[in-house]
Each structure stands twice: as structure tokens, then as C-alpha cells.
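Accompanying notes for the structure given below.
Proteins get letters first, then strands, A, B, ... in listed order; numbering begins at 1 in each. For the numbers below, each heavy atom of this structure counts, side chains included, while hydrogens, waters and symmetry mates do not.
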Number of protein chains: 2
Amino acid sequence: MNPEEGADDREQKVVGSYRGFSILDLFLRILAIVGTLGSAVAMGTTDETLPFSTRAFIFQAQYDDIPAFRFFVISNGTVCGYLSLSLPMAIYHVIRKGAARSRALLISLDAIMLAVLTAGASTAAAIVYLAHKGNASANWLAICQQYQSFCNRVTGSLIGSFGAVLILILLIPMSGLVLSKQAM
Amino acid sequence: MNPEEGADDREQKVVGSYRGFSILDLFLRILAIVGTLGSAVAMGTTDETLPFSTRAFIFQAQYDDIPAFRFFVISNGTVCGYLSLSLPMAIYHVIRKGAARSRALLISLDAIMLAVLTAGASTAAAIVYLAHKGNASANWLAICQQYQSFCNRVTGSLIGSFGAVLILILLIPMSGLVLSKQAM
């Protein structure tokens, strides 16, 4: 075996591991799209009217009564849109082995979107926590005792969003690893 | 001029631009350490006793009455510690031109810490917003009218934390760019 062949073999192997990562990247992106879309829709369609409402007094809880929930829907929608637009790029990375510059671009955009999504999810989580537990020192009551179905719905809608946060945390190191392999 | 020399020149130039980024990276890390440390200390030392407190009734607001603020201090402390530990690595990147693997490692850790810090800062911001504005639908009153100095202090302590978030969002693309230049 001459040294040329050995180098070729090594390159083949490296390219193979790129492709594995790129395919996983594409798959995780689709999963995160589903997660953020589900969260945005679940939160955005949440409202509850209590059964003892009369025509004069309506006891109603809606997601957009609380600014943090509105921000949650916006940030999930934004990240969902970004991830959908990043799919062609992810497919391009599966096909092309190099593409170092576009991989670096994707890392940058992923980092920004990670921050946007984490901010949205944490803000909503802070309010959901307060709605469940209340806070005695600030005299904020737990509203979940009255609006149970509302509370369950908004709590559930956090899941998809935090799932997508975890996926984005995974995507960035994966792209970094591929880049570092190319650099060596 | 022979082609060898041209390649050498190009390499020199690329190495030069690495070093610029690496030095900027080091500088930004120190800035972020200051920001997160300042935020953690400012929040952690916040408490206010109202002047009309009597011996029997004490009207006091402390940062650890509110779990979100405790989480804020913990996340800022964690990221501050991580950034301090990452300084030797950042210095190593200034000295060594290659170091692709450790750059990729730093991208991964930076991404995780970005998520931790954003979560802490957003959670605290959600509660600070509530303390200032209150929420009529949930019947949560704005406590800032009573605890003004407490509120100003916790609001101010968000600044360093969000500054550090912005710096981390910058650091990840910078490392990505250096890696992609090495890969090409």
C-alpha cells in the first residue's frame, strides 16, 4: 500500500463522519421545528373562561394577558421560522463535504437563536412558576388554583420550547466539531 | 517570487488574523467576567427594610425572597466561574495558532454557558418587569411602589448580566470564524 492510498482512506473516513453529523444536524433541526411550532401554537391558542362567568362579569384567562407569554409565542415563532429557513443550508451540508464558511455562519445564527429561544422559554417559565406557587413576600397569589386548565396548558407548552433549546445547544458543538476536524 | 513564498505570506496573514481574534476573545472574556461578577454581587447584596418597620412588624425585601433572583445569582456565579477557568485556554489560543480541537471545545462550553446565563437573566427580568408593572389580570400588584430602592438595585443588576450574554453571543461566532479560516 502506498502512502497516497492511506491518505485517501483517512480522508474518506473523515468525510464519512462529516456526513453522519450533517444528517443528524438535519434531523435535529426538523425535531426542533416541530417543538417550537407546537409550543407557539399551544401557547397561542390558550384561553379559559371560568364556568361561573355571567354576562356582566367574565372571568377569563388568555395567554396575551401576560406579556411574558406573548414574548414566548413571538420567540418560538421566530426560531421556528429561522430553523425552517436553515433547512436548505443543512441539506447543502449533507451533500457538500467542505462548506466551512457556511458552517461558521450557521454556528453564529444558531447561537443568536439559542439566546432568543432561551430568553422566551425562561421568561415564560418564571411566570408559570409564579402562577403555580405564588410569592408570599410580594403578595402575589398562585392563580393556578382558579385557572387550572389554563395553567396546565401553558405549563405543557414549555416542553417543546425547552426541548428545542437542548437541541440548539447540541447543534452548535456538532458544527464546531465538524469544523475542527476539517481544520486538522 | 516563487509560489512557496506566496503560500508562506498567505499563511502569515491568516495567522495574524487568528491572533487578532484570539486577543479580542481574551479581552471580551475578561469584560464578561466583570459583568457577571458585578451582577451576582449587586443582586446578592440587595435587601431593603422600609423606614416604617416596627419591632413587631418588619417590612423587608430581600433578593432571596424570590426564587428567580436566587437563580439569577447562581447562574451569574456559575458563568463567572466558567469564564475565569476558560482564561488559560483563551491565552493558549493567543499563543498557539492551531488548536482547532480546543477551539471547538470552547465553542461547545460557551454555547452551554450562553444558555445558562440567558435563562438566569431572562427569569430575573420577567420578575423585575412584573415588580415594576404588575399584572391586572392575575391580580399581581407592582411592588416597586413600596420597595423603590430594592427595585432600582435589582433592575440595575440585570445590566451586567445581559452585557455578558451579548459578549457570549459574539464569542461563539468569532471562534467559528477562526475555525472556518483554518479549515479552508
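Just one residue in the list Leu105(B), Leu179(B), Ile107(B) forms a side-chain contact (heavy atoms from CB on, under 4.5 Å) with Ser180(A), and that residue is Leu179(B).
Among the candidates Ala99(A), Gly134(A), Ala126(A), the residue making the largest number of heavy-atom pairs closer than 4.5 Å to chain B is Ala126(A). The candidate from Pro67(A), Ala136(A), Ser102(A) with the greatest count of non-hydrogen atom pairs under 4.5 Å with chain B is Pro67(A). Looking only at heavy-atom pairs under 4.5 Å with chain A, the residue among Arg103(B), Arg101(B), Lys133(B) that has the most is Arg101(B).
By the rule that hydrophobic residues join a cluster once side-chain heavy atoms approach within less than 4.5 Å of another member, Leu37(B) and Leu83(B) end up as members of separate clusters. A continuous path of ILVMFWY side-chain contacts below 4.5 Å connects Val79(A) to Leu28(A), so both sit in one hydrophobic cluster. Linking Ile, Leu, Val, Met, Phe, Trp and Tyr whenever their side-chain heavy atoms come within less than 4.5 Å puts Leu31(B) and Met89(B) in one cluster. Under the 4.5 Å side-chain contact rule for hydrophobic residues, Phe69(A) and Ile127(B) share a cluster. Under the 4.5 Å side-chain heavy-atom criterion for Ile, Leu, Val, Met, Phe, Trp and Tyr, Leu106(A) and Ile95(A) are members of the same hydrophobic cluster.
The shortest distance between side-chain heavy atoms of Leu141(B) and Asn139(A) does not fall below 4.5 Å. Between Trp140(B) and Leu130(A) the shortest side-chain heavy-atom distance falls below 4.5 Å.
Heavy-atom distances place no part of Ala125(B) under 4.5 Å from chain A, backbone and side chain included. Contacts of Ala138(B) with chain A are made by both backbone and side-chain atoms, with heavy-atom separations under 4.5 Å. Proximity to chain A is limited to the side chain of Tyr129(B), based on heavy atoms less than 4.5 angstrom apart.
Heavy-atom minimum distance, Asp65(A) versus Asn135(B): O-ND2, 3.2 Å.
Residues of residues 156-177 of chain A lying within less than 4.5 angstrom of chain B, judged on heavy atoms, are Ile169(A), Ile172(A), Pro173(A), Gly176(A), Leu177(A) in numerical order. Inspection of non-hydrogen atoms places Leu114(A), Ala115(A), Thr118(A), Ala119(A), Ser122(A), Thr123(A) of residues 114-123 of chain A under 4.5 Å from chain B.
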